[in-house]
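Every number for a ligand or one of its atoms is a count from 1 in the order of the listing. Since the structure is predicted, the reported quantities are computational estimates derived from the model, not experimental observations.
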Amino acid sequence: MDCDFISLATPGVQGLQPYVPGKPADELERELGLRQVVKLASNENPLGPSPVALAAAQQALGSLHLYPDASGYRLKTALQRVHGLAPEQLTLGNGSNDVLELLARAFIRPGDEVIYSEYAFLVYPIVTQASGATAVVTPARNWGHDLAAMQAAITERTRLIFIANPNNPTGTWLSETELTAFLDAVPASVIVVLDEAYTEYVQAPGFPDGLALLARYPNLVVTRTFSKAWGLAGLRCGYAAADPVITDLLNRVRQPFNVAGPSLAAAEAVLEDHDYLARTIATNSAGMAQLEQGFRGLGLDYIPSVGNFICVDLGRPAGPLYQQLLQLGIILRPVGNYRMPNHLRVSIGLDVENARCLQGLAEVLSA
Ligand SMILES: *Cc1c(COP(=O)(O)O)cnc(C)c1O
C-alpha cells in the first residue's frame with residue numbers, strides 16, 4: 001500500500017513552491033550544444049573571484065580533513081576590524097539565505113505574522129510559509145517598499161518584517177531618513193530584518209548603512225553576503241549582525257559547521273581586497289550605464305536600479321522572449337514568479353556580455 005507522503009508534510013511545506021534559481025550556463029550548453037553562453041541571471045560578480053580570496057581558499061584546502069572552526073573566529077575578527085562589530089553580534093551562515101532561515105526557525109511559528117513587500121525576494125515567502133506563519137504582503141509603491149503600508153500592517157501577531165535594501169529584483173532603495181522613521185515606529189518586540197545583500201554597490205547619497213543603525217535599534221537584524229560584490233557565491237558565506245541576545249538565539253539553531261573552511265578563509269581574505277571591490281563597483285557602474293543606454297535605444301522601459309541587476313520591461317509577456325534568448329545562448333532571469341510577467345531581470349555583466357545581451361534583445365524583439 002502506498003503512503004501519501006505529501007499528507008505527512010507540515011501544512012506549510014505541503015503548499016510550498018521551491019525557489020527557482022537562474023538557469024546554469026553549463027545546463028544550457030548541455031541542452032542546446034551551445035558554447036560561450038552568457039549568463040546574466042543570478043547577480044553573480046562578472047569579474048570572477050578575487051585572486052586574494054582564491055589564494056586563501058586554496059591554502060585552506062590543505063585542511064579539508066578537518067572540521068571548520070564552528071565559531072568562525074577569524075572571519076568574525078576580520079568583520080570586527082572592518083565594521084566594528086563584536087563577535088557576539090555575528091551569526092555566520094551558509095550564504096545569507098541560511099541566516100534568513102535561522103531567523104524564521106528561531107522566531108516564527110504557526111499563527112505568527114511576517115510582513116514583507118510585494119516584489120520582495122522570494123526567500124522571504126519560502127521561509128515564512130515553511131514555518132507555517134502567515135505572510136502579510138504589502139503593496140509596492142513605485143516598485144519599492146511602501147514603509148507606511150508596512151507599518152500599518154503591524155499587529156500584535158507580527159514577529160518579523162523583511163526589508164531588502166536595495167530590493168531584489170526591482171533594484172529600488174530606501175533612504176536613511178525613510179528607514180529610520182520606520183524603525184522609530186516599529187514596536188520593540190517586532191524584529192526587522194534588513195537584507196543588505198547589495199549594499200556595497202550603492203553610491204546614492206542618503207543610502208543607509210544598516211550596521212551603523214544597530215546600536216540605535218536592538219530589534220534590527222542586518223544580513224550581508226559574500227555572494228555578490230565580494231564574488232564568492234559558490235562558497236556560500238553570509239552573516240547576520242544583531243543584538244547579542246538575538247545572536248545567541250540564532251546560534252542555538254545554527255548547525256555547528258554550517259560554513260566550510262575554504263569559505264571562511266576566502267571571506268576573511270576578500271575583506272582586505274579593496275582593489276577587487278573597487279573594480280567590481282566600477283565595472284558595475286559602467287555596465288549599468290551601458291545597459292540603460294541600450295534599453296533606451298531599443299525603446300524599452302526599465303526600473304532604475306542601484307544594485308548589480310536591472311529589470312527591463314519588454315512591453316509584452318517576457319516568457320517567450322526569455323526562451324528565444326536561451327536559443328541564442330543568453331540567459332536572463334524571468335520574474336513572472338514575482339508577478340512581473342513583462343520584465344526580465346538582467347545582472348550587470350562585463351562590457352562584452354552586456355553588449356551580447358542587448359544584441360540578443362534587439363534580435364528577439366524584432367523577430
Ligand atoms: C542574492 C541575495 C541574497 C544572498 O544570498 P546568499 O545566500 O548570501 O548567496 C540575499 N538576499 C537577497 C535579496 C539576494 O538577492
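For Y198 against N168, the heavy-atom pair with the smallest separation is OH-ND2, 3.4 Å. Taking both residues in full, the closest heavy atoms of L213 and L220 are given as CB-CD2, 3.8 Å, listed atom of the first, atom of the second, then distance.
By the 4.0 Å N-to-carboxylate-O rule, D313 lies too far from R296 to be salt-bridged with it. With respect to K39 and E44, a salt bridge is recorded, a charged nitrogen being found less than 4.0 Å from a carboxylate O. In this structure, R81 pairs ionically with E272, as a charged nitrogen and a carboxylate oxygen lie closer than 4.0 Å.
In this structure, the protein non-hydrogen atom closest to atom 5 (O) of ligand 1 is N97 ND2, 3.1 Å. Protein heavy atom at the shortest distance from atom 3 (C) of ligand 1 is K228 NZ, 3.3 Å. Annotation: atom 4 (C) of ligand 1 to nearest protein heavy atom, S96 OG, 3.2 Å.
If you number the atoms of ligand 1 from 1 as listed, the ones under 4.0 Å from a heavy atom of N168 come out as 13 (C), 14 (C), 15 (O). Atoms of ligand 1 lying under 4.0 Å from at least one heavy atom of G95, given by number and element, are 6 (P), 7 (O), 8 (O). Listed by atom number, the atoms of ligand 1 under 4.0 Å from R236 heavy atoms are 6 (P), 7 (O), 9 (O). Within ligand 1, the atoms closer than 4.0 Å to a non-hydrogen atom of A197 are 2 (C), 3 (C), 10 (C), 11 (N), 12 (C), 14 (C), numbered from 1 in the order shown.
The aromatic rings of Y19 and F121 stand perpendicular to each other, their planes meeting at an angle above 60°, with 30° marking the opposite boundary.
Considering backbone and side-chain N/O of D98, none are found under 3.5 Å from N/O of ligand 1. The shortest N or O to N or O distance between N94 and ligand 1 is not below 3.5 Å.
Contacts of D195 with ligand 1, taken as heavy-atom pairs under 4.0 Å, involve the side chain alone. Heavy atoms of F226 found under 4.0 angstrom from ligand 1: none, in either backbone or side chain. The proximity of S227 to ligand 1, defined as any non-hydrogen pair under 4.0 Å, is limited to the side chain.
Judged purely by atom type and a 3.5 angstrom limit, Q89 has no side-chain atom pairing as donor or acceptor with the backbone of D243.
Between the side chains of Y322 and R333, not a single donor N or O lies within less than 3.5 Å of an accepting N or O.
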